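First comes the structure, then the notes that go with it.
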Amino acid sequence: MLRRLALVAVPLTLLVATSNNQVEVSATPQPVEVIPLPCFPAGKLTLGMTNTGRKPAIADMRVSGDPALTLSRHQFSSYLPVDQLVKAPLEITVPRDTAPATHTVNLTVGNEHVDVPVVIKPVPARDNVLLGEQAVASSTNGNMRLCGGVDGNTDSAQWGAGGWHDNTKGVFPDTYGVDFVQPTTIDRVVLQTLDSTTYPAAVMGIREFDLQVRTGSTWTTVAEVRGNVQGRVTITFEPRAVDAVQLVIHDSNDHGYSRIVELEAYHN
Amino acid sequence: MVTRRSFLTATGAAAALAMTGNLPDLVDAAGIPHRTDKRPLFTLGVASGDPLPDAVVIWTRLAPGPLEPFGGMDDRTVNVEWEVAEDQTFRRVVRRGTAHARAEYAHAVHVDVRGLRPWRHYFYRFRAAGQISPVGRTRTAPAPSDEPVVTMAVASCQAFYDGFYTAYQDVVRREHDVVLFLGDYIYEVGVGPTAGVRNQAVPVDFAGEIFTLDEYRARYALHKTDPDLQAAHAAAPWIVTLDDHEVEGNWAGYVSEDGIPHDDFLVRRANGFRAYWEHMPLRLDQSPDGPSIRLHRHLRYGRTADLSVLDTRQFRDDQTSTGGWLPPDAVSTDPARTITGDAQERWLLDTLGSSTSRWNVVAQQVAMAQLDRKTGPELELPMDTWNGYAASRDRVLSGARDQDVSNFVVLTGDLHRSVASDLRVNFADPSTPAIGTEFVTTSISSGKDGVDADATGHALLAENPHVKYQNVQRGYLSCRLDRTAWTSEFRIVDRVVTPGGTASTRATLVVEDGLPGTHLA
């Protein structure tokens with residue numbers, strides 16, 4: 001009985017032709033520069049594979065780097081048509097205050113290896129003292145980045161990539177701010193809430209909020225803003241050295257989310 | 001008699017391993033142990049699919065680190081033994097062999113097991129590196145001349161972050177002969193660090209939209225770690241097709257919804273198709289050739305049912321405007337317009353026309369019945385569905401009518417709502433006869449808990465005389481096909497945003513044999 005039933009069983013993967021591995025690896029820019037601040041935009045490298053063979057192929061790139069580097073991906077696999085550059089992004093970050101140095105990211109496809117230099121830059125002098133510092137929020141929506149409100153991108157049109165909002169729709173207050181690593185003197189805070197042609201501030205922006213600063217463990221309210229319909233709100237005050245700054249947001253014009261494109265602080 | 005013991009002393013590499021009495025490492029195709037990762041390999045479960053009277057595809061994937069790069073595997077090929085038995089304890093093994101899990105297929109294994117007997121339950125399992133997979137149960141299709149009662153579960157749309165897959169517990173409990181999955185197995189958009197309502201830590205790599213093959217593979221792995229989904233795959237064979245989110249929301253043919261250039265989009269499509277095939281229990285016939293995949297296919301359940309599985313994404317014209325709910329326009333009513341492509345349309349009508357089965361089932365993605373949600377004489381229709389391809393729908397429905405297709409039943413997903421409709425060639429004239437029935441299954445989880453009826457639901461019932469039922473909660477469709485009737489139970493779960501929801505039948509709709517159209521039981 002068993003012999004009669006024992007007909008052909010086809011292990012499917014055996015029947016598929018193996019791909020060739022003539023793949024050219026590329027990466028731009030070289031070197032890639034990284035600023036060692038927690039919320040500064042990551043060093044961005046565009047990885048590329050080009051199939052120089054005669055048939056389309058599936059290729060796997062292994063991505064590795066010095067232990068000092070945090071990489072957004074360790075694998076880049078793709079279908080590769082012939083002679084078409086196929087790209088994928090790699091983001092590189094390092095811990096705060098990593099010493100300036102040159103590190104390496106290694107890209108391997110089959111026998112092909114490329115070493116990409118990664119230059120850790122000194123922390124730049126900044127007028128906006130919130131830029132790239134560690135953001136702290138009551139919550140962050142899954143589609144947004146915690147760092148989106150202090151990443152230097154003030155363009156409401158790029159809201160999805162460069163902004164922040166909370167994850168508690170219709171529930172207030174929400175908080176968003178920065179904890180400084182050392183006391184920092186500020187006398188002006190600028191809020192850019194969502195304000196684009198599609199999503200004007202009067203419809204989608206933050207409406208009511210308190211600006212608070214912390215010294216030691218004491219929070220002090222510096223300003224209260226109510227009924228705001230503007231995209232950009234500037235608050236000035238007497239200079240003071242603070243350990244943290246935050247907005248306590250009580251409402252937005254759609255009563256849904258608290259949307260921050262960028263939060264900035266300065267000392268003249 | 002093949003015994004369980006003989007599985008452990010099978011030929012080749014496995015025999016070599018068995019003799020050592022110690023099975024610690026993976027073994028490559030040359031029989032050489034090569035890694036010391038002792039973590040479980042079968043983290044993504046097992047599956048079976050596309051049953052024939054004498055065959056079924058069985059599937060697994062080795063992934064000791066399912067959410068890690070390369071699933072935690074290195075790039076070497078691994079021997080995977082498999083066996084198929086008539087009993088759960090594997091005393092009566094009827095087929096076995098060794099397959100190769102290869103890195104270029106993400107170490108997925110598809111075996112098209114032939115030589116089986118019709119309409120039989122079988123049990124299957126895999127072994128690699130001394131680890132034995134969970135046992136799956138499957139069922140072959142009936143013999144061509146038989147007409148048994150067939151039960152099928154119909155499911156779609158399982159956004160990971162929107163809910164738990166509680167509905168699958170009910171799918172398993174009710175013991176269906178086959179599960180049809182009609183698309184949106186994964187979603188290409190980001191999964192946040194806590195996986196939405198699941199409150200489950202997910203690596204930050206999952207936060208973005210997916211484009212590359214490694215990203216699509218990882219997204220399937222994430223979904224397939226769900227124990228309810230694994231249990232549903234292990235309980236019955238699945239017959240699957242994809243919709244938009246397996247590639248990109250609302251993609252259409254060569255056109256990206258995100259405005260990605262043509263050449264780049266075809267690479268993305270190829271990556272999506274490749275990962276889909278790798279993770280689904282599909283035959284080699286369905287394996288993609290780059291950006292092309294043959295998913296439309298014909299499966300028979302004896303004389304009970306003919307099943308035409310469609311692909312309404314790959315060959316369609318682009319949506320009119322945004323593809324949202326809109327009034328018909330010059331584009332959506334263009335007579336040259338197609339949602340299936342000409343070749344698939346001809347194939348479908350030929351298949352329907354040559355069928356001798358009692359129930360003629362089309363398993364596909366998007367709503368076919370006219371669904372007007374605007375109060376009054378004007379129409380507002382979902383343009384991503386057949387409603388946005390009116391001429392295509394006319395050709396299929398009038399083709400089915402002209403060929404006198406018996407008991408024409410269309411099964412649909414996509415909408416995240418349950419809808420039951422009569423199908424007629426002219427929806428504007430309720431006095432014309434129904435020529436068939438459409439059952440739209442709701443989502444497994446997409447859209448979170450939902451409600452019994454929303455504004456659109458009320459409007460659908462009010463504006464469309466052919467719509468007999470609607471509901472906007474989560475669940476699936478549990479169907480029973482016999483000689484006298486098709487019975488569809490709309491199973492819903494009371495909640496999915498937390499585990500432990502309860503399943504119940506919200507409504508039962510019936511199609512009587514020989515009487516097109518449906519009504520509440």
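Chain letters run A, B, ... following the sequence lines, proteins first and then strands; every chain starts at 1. Fair warning: this is a prediction, and the values are worked out from it, not measured in the lab. These numbers come from the heavy atoms of this one structure, side chains and all, not from hydrogens, waters or symmetry mates.
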Atom group of B/Arg217 that falls short of 4.5 Å from chain A, counting heavy atoms: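 Only the side chain of B/Arg217 comes within 4.5 Å of chain A.
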Contacting region of B/Asp75 [heavy-atom separation from chain A under 4.5 Å]: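 Looking at B/Asp75, backbone and side chain both touch chain A.
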Nearest-0.5 Å distance, OG1 of residue B/Thr322 to CD of residue B/Glu257: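 Result: 8.0 Å between the selected atoms.
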Heavy-atom contacts under 4.5 Å, residues 193-212 of chain B to chain A: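 B/Asp205, B/Thr212, listed by number.
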A/Trp164 and A/Tyr176 aromatic centres sub-6.0 Å: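 Yes: the rings meet the under 6.0 Å criterion.
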Top of A/Met61, A/Arg73, A/His74 for chain B proximity - count of heavy-atom pairs under 4.5 angstrom: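 Top count of heavy-atom pairs under 4.5 Å with chain B: A/Arg73.
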Region of A/Met144 that comes under 4.5 Å of a non-hydrogen atom in chain B: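 Looking at A/Met144, nothing touches chain B.
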Aromatic ring pairing B/Phe265/B/Trp251, orientation class (parallel under 30°, perpendicular over 60°, tilted between):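 The arrangement is tilted - the two ring planes meet at 30° to 60°.
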Aromatic ring pairing B/Trp59/B/His279, orientation class (parallel under 30°, perpendicular over 60°, tilted between):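 It falls in the tilted class, 30° to 60°.
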Any side-chain heavy-atom pair of B/Leu62 and B/Val78 under 4.5 Å: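 Yes, close enough: below the 4.5 Å cut-off.
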Ring-face cation contact, B/Phe70 with A/Arg62, 6.0 Å cut, 45° max: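 Satisfied, under 6.0 Å and within 45°.
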Six-ring centre of A/Tyr79, B/Arg268 cation under 6.0 angstrom, axis tolerance 45°: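 Pair B/Arg268/A/Tyr79 does not count as cation-pi.
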